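Input: a single structure, listed below in C-alpha cells.
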Amino acid sequence: MAITRQIIFLAKRNCIEELKALLKNTIEDTKKEQGCLMYEVFQTKTNLVEFIVIDSWENEEALNKHYESEHYSYFLNNFKQYNAHIEPFELEVL
C-alpha cells in the first residue's frame, strides 16, 4: 500500500534561503530512489518561510530505505539549524 505524506517546514526568518537550498538538494536523489512515486518541494508564495514537501512511496519498505539514504541523512543532520517548526502529516486518498 502506498504511503503519501505532506511535511510542512517553517524556516527561521533569517534562514529562508539556507533551508530552501537544503530542501532543493534532496529532490534529484530522492526522485531516483526505488519505490519513490512522487517527491515535490514547494515554497508558498504568501509566506516565504513556509515550505511543503509532498512525497509518496510504494510501501513502507521503500520509505524506510529512503530514511537510510545518504542524502536524507545529510538533510536530517543539517535542517534543524534553519528550521523553526516542522509538521508532518500522513495522507489518505478518499
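Since this is a predicted model, take the numbers as computed values, not measurements. Numbers here simply count residues along the sequence, with the first being 1.
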To the nearest 0.5 angstrom, please state how far the [atom1] atom of [X] sits from the [atom2] atom of [Y].
| X | Y | atom1 | atom2 | answer |
| --- | --- | --- | --- | --- |
| Glu28 | Glu33 | CD | CD | 12.0 Å |
| Leu19 | Leu48 | CG | CG | 12.5 Å |
| Ile8 | Glu50 | CD1 | CD | 5.5 Å |
| Phe79 | Leu22 | CZ | CG | 9.0 Å |
| Thr4 | Ile54 | OG1 | CD1 | 9.5 Å |

Side-chain (Asn78) to main-chain (Tyr74) donor-acceptor, under 3.5 angstrom: yes
Side chain Lys12, main chain Gln81, donor-acceptor under 3.5 Å: yes
Modelled atom types, side-chain donor and acceptor of Asp55 and Trp57, under 3.5 Å: yes
side-chain hydrogen bond (donor to acceptor under 3.5 Å, both in side chains) pairs, two or more places apart, involving residues 16-26: Lys20-Gln43, Thr26-Tyr39
Flag if over 12 foreign heavy atoms under 6.0 Å of CD, Gln6: yes
Trace of the side-chain contact (heavy atoms from CB on, under 4.5 Å) decision for Arg5 with Leu91: CA-CA 5 Å; Arg5 307 172 311 156; Leu91 304 175; 5.7 Å; no
Steps toward ring pair (Phe, Tyr, Trp, His ring centres under 6.0 Å) verdict (Phe75, Phe9): CA-CA 13 Å; Phe75 176 80; Phe9 295 91; 5.7 Å; yes
Minimum-distance pair of heavy atoms, taken over all atoms of Ile3 and Leu63: CG2-CD2, 4.1 Å
Non-hydrogen atoms of Ala2 and Ser56 that approach each other most closely: CB-OG, 4.5 Å
Common cluster, Leu37/Ile7, ILVMFWY with side-chain heavy-atom separation under 4.5 Å: no
Contact check, side chains of Val41 and Ile52, non-hydrogen atoms, under 4.5 Å: no
Validation row: Val53, Glu40 side chains within 4.5 angstrom (heavy atoms): no
Worked check of side-chain contact (heavy atoms from CB on, under 4.5 Å) between Phe51 and Leu10: CA-CA 6 Å; Phe51 296 89; Leu10 298 180; over 6 Å; no
Those residues that, when tested against Tyr72, pass ring pair (Phe, Tyr, Trp, His ring centres under 6.0 Å) (two or more places apart): His66, Tyr67
